[in-house]
Structures are given as structure tokens and as C-alpha cells.
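What follows is a single structure, written as C-alpha cells, with notes after it.
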Amino acid sequence: MPELTRLISTGTVPLLSSEVPTSEDAKTGATLAVFSVQENHIVNSTSRQWVSGPFWVNIQGAPFEFKVKFTAKQVAEAKRGLSFKKANGWGKMELKCAGEPVEGDRFKVAFLVGPGVKQYSLNATAATTDETVSMGETGDPAKKIDRRETQSSHDFGKYPLLGLPAEYEMWDFGSLQDKKKQLIHIGVEMLPQKSASEHKPHEEKLNENIESTSTITLDKKDDNSDNILSCSTRAPDDVEFEEMEFLASEERKKATLQGKVMDGPPGLKLP
């Protein structure tokens with residue numbers, strides 16, 4: 001069993017009122033949504049899908065609506081073979097953002113199912129691996145929690161729908177229900193990651209420093225020593241540049257004349 005470590009600390013503060021209760025960690029910005037589903041919706045139902053009530057998560061200071069979509073596992077090729085009842089309560093969950101947040105903010109998401117979800121809080125210990133982890137004391141079904149994380153952080157601004165990897169996306173909702181109340185308790189945990197926009201000022205500053213300091217000069221001379229090719233990432237002042245080129249050209253002409261005087265005409269040897 002993977003080592004369990006504390007994922008989130010500090011107290012929680014309530015968010016907007018909604019059909020699905022939520023709480024937010026004031027320090028990390030993590031959001032936990034907890035709700036219950038009757039077994040006749042996702043265990044004994046002849047339907048193939050069920051959608052939860054909405055809850056809201058703050059992204060860049062604005063609330064966006066999220067819902068959890070449940071889909072029954074397909075156990076037969078025929079269309080009638082797709083229902084929660086025929087799948088014996090097996091199905092998958094997907095988190096969907098109904099709005100259109102700005103791209104850049106990413107979230108690490110975990111799904112939780114089990115009787116113990118009702119007592120779960122953002123202060124609880126949680127796994128930091130991608131594997132399925134059962135939490136709760138052995139032999140105490142009232143505290144059982146099955147918690148599964150997504151493999152990587154997700155940008156709902158780019159892709160509004162998020163599910164678990166195929167190898168562990170299916171849940172046995174029937175075995176995880178609260179037998180006394182005939183309910184399945186569901187939790188969705190969303191932990192914000194650093195957005196791309198937070199790195200942008202640093203990258204712009206770095207590029208600015210590189211642009212202001214790096215200069216590349218390539219010199220190519222022909223037989224007459226008159227051609228110079230210069231390339232720089234920082235353009236100098238036009239007037240100053242022309243003056244420098246003029247002075248350099250005069251010096252080259254002077255050096256050329258002195259060389260011709262010293263050498264003399266072809267075929268004539270100076271004493």
C-alpha cells in the first residue's frame with residue numbers, strides 16, 4: 001500500500017451556496033465537493049448515465065460551474081447492455097466544467113467514493129500517488145474511502161471534461177455504498193497548481209535580459225578588405241553606427257594606401 005502523506009492543511013471556509021456542498025482550504029485554494037447519490041440512480045438504475053447537481057470552483061477569482069457525470073460500464077455489445085443495473089453497479093465518473101475559464105490554470109483532481117466520504121475533510125491524509133488507495137480502519141466499513149487521483153494536472157480552459165485513466169476508471173459503486181442509508185457518498189477534490197501566467201513575468205524578464213546583453217558579430221572580409229557583415233540582437237543608434245562605419249572605412253583606405261606606397265609598383269624593387 002502506498003505511503004499516505006498529508007496533502008492539505010489549515011482550516012476551511014465555505015464557498016457559494018449550491019446543490020452540492022463545498023469547502024475550500026484558505027491556504028492552498030483546494031476545493032472539496034461532497035454529495036450523496038441514491039442507489040437507484042447508479043446501482044439499480046436501467047439508465048446508462050446520471051449527472052450530479054452543480055457546484056462552483058473559483059478560477060482566477062471567478063466561480064465556474066462543475067458537475068460529475070456517471071456512466072455505466074458496457075457489458076454487452078447491444079445498446080440495451082449499457083445500464084447500471086446490467087453492469088451490477090459498475091461505472092465511471094467524469095468531472096465537467098460547464099463554463100469557459102481562461103486557459104492556464106491547472107488542477108490536480110481526485111475522486112472519492114465510500115461511506116467515509118461524509119467525514120472526509122481537506123485536513124485528512126491523502127495519497128500522492130496515482131494508484132487506487134483505500135482509506136479507513138480495517139474492519140470498519142463506515143469509514144471506508146476509495147480515493148483515486150488523476151495522473152497529471154488538468155486545464156479545464158482547454159478541455160472541459162476530465163476522467164481517470166482507463167486502467168482504473170471503473171468503480172464498483174454497489175460495494176461502496178452506505179448499506180444503512182442505501183446511498184453512495186461521492187467526493188471531488190480539486191487542488192490548484194501553478195498556472196502558466198505565474199511563470200510569464202519571469203520568462204519575459206529573462207528574455208529581456210538576454211536581448212539587452214547578447215551581441216553577435218560576424219566579420220567576413222574579401223580580398224579588398226572592404227566588406228564587413230555585422231549581426232546583433234540589439235540595434236545601435238543609427239547616427240553613431242554610420243559614424244563608426246565611416247571612420248572604419250577611412251582607416252582601411254589609409255592602410256591600403258600605405259601598403260601600396262611601401263610595396264611600390266609591381267616588378268619594381270625598392271632599395
Side-chain angles (χ1 to χ4, degrees), residues 1-2 4 7-8 12 18-23 30-55 57 66-76 79-96 109-127 129-150 161-191:
M1 180 176 179
L4 301 182
L7 178 65
I8 304 170
T12 59
S18 63
E19 293 184 31
V20 174
T22 55
S23 59
T31 299
L32 174 66
V34 176
F35 58 96
S36 300
V37 185
Q38 294 181 357
E39 67 172 0
N40 59 359
H41 289 317
I42 59 174
V43 176
N44 300 323
S45 173
T46 56
S47 300
R48 64 185 184 91
Q49 284 189 345
W50 187 82
V51 180
S52 74
F55 62 92
V57 175
F66 284 81
K67 293 182 180 180
V68 180
K69 184 175 73 171
F70 296 78
T71 304
K73 180 180 180 181
Q74 186 164 355
V75 294
K79 187 175 181 180
R80 291 183 179 181
L82 186 59
S83 73
F84 288 105
K85 188 173 183 178
K86 287 186 176 292
N88 294 318
W90 281 83
K92 66 180 181 179
M93 291 186 289
E94 294 172 295
L95 182 62
K96 183 176 182 179
V109 177
F111 296 90
L112 303 92
V113 183
V117 172
K118 295 292 288 185
Q119 291 77 43
Y120 184 85
S121 70
L122 290 173
N123 295 315
T125 56
T129 66
D130 294 325
E131 300 180 19
T132 300
V133 177
S134 295
M135 302 174 62
E137 298 178 8
T138 304
D140 188 354
K143 295 182 179 181
K144 183 179 180 181
I145 298 177
D146 192 351
R147 181 183 184 279
R148 308 179 189 180
E149 283 188 5
T150 54
L161 192 66
L162 172 66
L164 290 168
E167 55 265 30
Y168 56 88
E169 69 176 354
M170 290 298 170
W171 303 74
D172 183 0
F173 295 117
S175 68
L176 294 168
Q177 68 176 311
D178 185 333
K179 300 294 184 180
K180 293 182 179 180
K181 298 181 180 180
Q182 296 183 331
L183 295 173
I184 299 92
H185 303 306
I186 307 294
V188 177
E189 187 179 316
M190 299 177 64
L191 179 63

Specify the closest pair of heavy atoms between [X] and [Y], including all atoms of both residues, with the distance to one decimal.
| X | Y | answer |
| --- | --- | --- |
| Thr71 | Gln49 | OG1-NE2, 3.6 Å |
| Leu176 | Pro115 | O-CD, 3.4 Å |
| Val117 | His185 | CG2-O, 3.8 Å |
| Met170 | Arg148 | O-NH1, 2.9 Å |
| Trp50 | Val37 | CZ3-CG2, 3.6 Å |
| Ala72 | Leu82 | O-CD1, 3.1 Å |

Taking the side chain as C-beta and beyond, is there a heavy-atom pair between [X] and [Y] under 4.5 Å?
| X | Y | value |
| --- | --- | --- |
| Tyr120 | Arg147 | yes |
| Ser36 | Lys118 | yes |
| Phe66 | Thr31 | no |
| Met190 | Leu95 | yes |
| Val113 | Ile184 | yes |
| Leu164 | Lys92 | no |
| Val188 | Phe111 | yes |
| Glu39 | Gln177 | yes |

Practice item. Run the ring-centre check on Phe35 versus Phe55 and record whether the distance is less than 6.0 Å. Key: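 For Phe35 and Phe55, the ring centres are not under 6.0 Å apart.
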With rounding to the nearest 0.5 Å, note down the distance linking [atom1] in [X] to [atom2] in [Y].
| X | Y | atom1 | atom2 | value |
| --- | --- | --- | --- | --- |
| Gln74 | Ser83 | CD | OG | 10.5 Å |
| Phe84 | Arg48 | CZ | CZ | 10.0 Å |
| Asp146 | Asp172 | CG | CG | 9.5 Å |
| Ile42 | Lys85 | CD1 | NZ | 16.0 Å |
| Lys69 | Glu94 | NZ | CD | 4.5 Å |

Exercise for review: Could you tell me whether Lys180 atom NZ has more than 12 heavy atoms of other residues or ligands within 6.0 Å of it?
Suggested key: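 No, not enclosed.
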Review point. Is there a donor-acceptor pair closer than 3.5 Å between any side-chain N or O of Thr150 and the backbone N or O of Val109?
Key: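 Judged by distance alone, yes, a pair lies under 3.5 Å.
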Exercise for review: Determine the sole option in Asn44, Leu183, Val43 for which the side chain to side chain contact (heavy atoms under 4.5 Å, CB included) test with Gln38 is passed.
Suggested key: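 The option that passes is Leu183.
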